[in-house]
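Given the structure is predicted, the values throughout are model-derived calculations rather than measurements. Chain A is the first sequence line, chain B the second, and so forth, proteins listed ahead of strands; every chain is numbered from 1.
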Number of protein chains: 2
Amino acid sequence: MASFTTGELEVMQILWEEGELKPAQIQEKYPRPIKNAALRFQLKILLEKGHVSRRKNGKAYYYTAATPRKGAFKRMVQRMADIYCQGSCAGLIAELIKTQKLSDEEIQTLRELAETRQAGGTKS
Amino acid sequence: MASFTTGELEVMQILWEEGELKPAQIQEKYPRPIKNAALRFQLKILLEKGHVSRRKNGKAYYYTAATPRKGAFKRMVQRMADIYCQGSCAGLIAELIKTQKLSDEEIQTLRELAETRQAGGTKS
DNA sequence: ACCAATATGTAGAAATTACTACACATCAAA
DNA sequence: TTTGATGTGTAGTAATTTCTACATATTGGT
């Protein structure tokens, strides 16, 4: 009831980035060749599940994401934390900082980000 | 060729944590009730795909993870960065620090972690 | 009003993932 | 060596996900 299949996610990504599109336009942006009818099938599923909505304009239906990107992101983060870090998001972030390749500037940015949050959270 | 199905991942998680187990033992640790034969089917798939190996000891086969946890983690991180942060892992970490609920201590820990990496990267 | 281009709807097939039932194999103990 | 507990192998079923083919509908220009 929460996570997307691969195909669904490919469509949602496009809608999150592009806004309102009709099937033929989504098809063009699709990361791999896909038949129009196959794509429309994905849209049908997403519509039934309530993840997209559509609106008729001229001849065609235009689709938009109904499920926000942010919520989907949160669920995926939590899932990953569950799998790899006993459910702890902080643990996940720590693991990422420890293991990912990061340039000096990127680390500096992250550090500043943490400091900012710290300053904002406590009352100066 | 890279990512696990839900069922496969549930098995891999147990093997990553516990080491070498026989089917009945994995079955006990499984996050939800599962029939012995159903579990063994998952193991069969994982074996065919090369994600686990097995070794006979006494009556039973004992299974171990052949695909390392670390690699699977990296792939999942990259996938998530691709979907939500234009492929940038640093961007992903930044997004996490910005959006996740974190206690003061957790933020402090992350900050220290970043500082440590920074100190270690540049020559003191 | 008609036609051609563009869209849509639906039934069914293929591929993947997940599960079940049951017959057969192996080891240890009497 | 028979017996029973434990473990294995395999064939068949179900559910989900993905794709295809084709008939039908809608719109704008003539």
Side-chain angles (χ1 to χ4, degrees), chain A residues 1-15 18-67 72 75-76 79 83, chain B residues 1-15 18-67 72 75-76 79 83:
Chain A
M1 191 242 209
S3 62
F4 297 106
T5 66
T6 306
E8 287 171 0
L9 195 53
E10 284 167 335
V11 173
M12 292 305 292
Q13 256 183 275
I14 294 169
L15 291 179
E18 306 290 334
E20 193 178 49
L21 298 177
K22 63 179 173 175
Q25 294 170 320
I26 300 174
Q27 191 185 353
E28 281 171 27
K29 307 240 172 213
Y30 213 71
R32 61 197 156 81
I34 186 174
K35 295 246 169 107
N36 183 271
L39 169 69
R40 275 167 31 229
F41 177 84
Q42 298 285 15
L43 285 170
K44 190 187 169 196
I45 298 293
L46 286 168
L47 194 61
E48 282 168 5
K49 292 191 185 173
H51 293 307
V52 305
S53 61
R54 69 180 194 179
R55 182 173 71 82
K56 193 146 199 171
N57 187 2
K59 244 191 287 205
Y61 282 107
Y62 284 74
Y63 292 78
T64 48
T67 295
R75 281 193 296 278
M76 193 159 174
R79 182 173 143 76
I83 295 170
Chain B
M1 192 244 205
S3 62
F4 297 106
T5 66
T6 306
E8 287 170 359
L9 196 52
E10 284 168 333
V11 173
M12 293 304 291
Q13 257 184 275
I14 294 169
L15 292 178
E18 306 290 335
E20 192 177 49
L21 297 178
K22 64 180 173 175
Q25 294 170 319
I26 300 173
Q27 192 184 351
E28 281 171 26
K29 308 241 173 211
Y30 213 71
R32 60 194 157 83
I34 187 173
K35 296 249 170 102
N36 183 271
L39 170 67
R40 275 166 32 230
F41 177 82
Q42 297 285 16
L43 285 170
K44 190 187 169 195
I45 299 292
L46 285 168
L47 194 61
E48 283 169 5
K49 292 190 184 172
H51 293 309
V52 304
S53 60
R54 71 181 192 178
R55 181 174 71 82
K56 194 149 200 171
N57 187 1
K59 249 192 284 205
Y61 283 106
Y62 285 73
Y63 292 78
T64 49
T67 297
R75 281 193 297 278
M76 193 159 174
R79 183 172 142 74
I83 294 170

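Taking atom NZ of B:K35 as the reference point, atom P of D:dG12 lies 20 Å away to the nearest angstrom. Between the C1' atom of D:dA21 and the CZ atom of A:F41 lies a distance of 15 Å, rounded to the nearest Å. One interatomic measurement links the two molecules: CD of A:Q27 to P of C:dT8, which rounds to 11 Å at whole-angstrom precision. Put simply, NZ on A:K22 is 9 Å from P on C:dT6, counting in whole angstrom units. Between the CG atom of A:L43 and the C1' atom of C:dT10 there is a distance of 16 Å, rounded to whole Å. Atom CG of B:N57 and atom C1' of D:dG7 are 13 Å apart (whole Å). Look at CD on B:E48: it is 12 Å from P on C:dT17, rounded to the nearest Å. Note: CG (A:N36) to P (C:dT6) measures 12 Å, nearest angstrom.
Distances from the side chain of A:R54 to the nucleotides D:dC19, D:dT8, C:dG9 place C:dG9 closest. Listed candidates were C:dT8, C:dT20, D:dT20. Nearest to the side chain of A:A37 is D:dT20. The side chain of A:A60 approaches C:dA7 more closely than any other nucleotide in the set C:dA18, C:dA7, D:dT18. With C:dG9, D:dT10, D:dC19 as the candidates, the nucleotide lying closest to the side chain of B:R40 is D:dT10. For A:K56, taking side-chain heavy atoms from C-beta onward, the closest of the listed nucleotides C:dT20, D:dT8, D:dT26 is D:dT26. Closest contact between the side chain of B:K49 and the listed nucleotides C:dT17, C:dA21, C:dC19 involves C:dT17.
Taking side-chain N and O atoms only, A:T5 has a distance below 4.0 Å to OP1 or OP2 of D:dT18. In terms of phosphate contacts, A:K44 brings no side-chain nitrogen or oxygen within less than 4.0 Å of OP1 or OP2 of D:dT18. When the side-chain nitrogen and oxygen atoms of A:Q42 are compared with OP1 and OP2 of D:dT17, none of them lie within a distance under 4.0 Å.
Judged purely by atom type and a 3.5 angstrom limit, B:E28 has no side-chain atom pairing as donor or acceptor with the backbone of B:Q25. No donor-acceptor pair under 3.5 Å is formed between the side chain of A:E8 and the backbone N or O of A:L46.
The CD1 atom of B:I26 sits 10.0 Å away from the CE atom of B:M12 when rounded to the nearest 0.5 Å.
Along DNA chain D, the nucleotide nearest to A:L39 and the one nearest to A:K59 differ in position, and the one closer to the 5' end is contacted by A:L39. Checking A:G7 against B:Y61, the closest nucleotide of DNA chain D that is more toward the 5' end is the one next to B:Y61.
In this model, no donor atom of one side chain and acceptor atom of the other lie less than 3.5 Å apart for A:Y62 and A:R55.
Between B:M76 and A:R79 the shortest side-chain heavy-atom distance falls below 4.5 Å.
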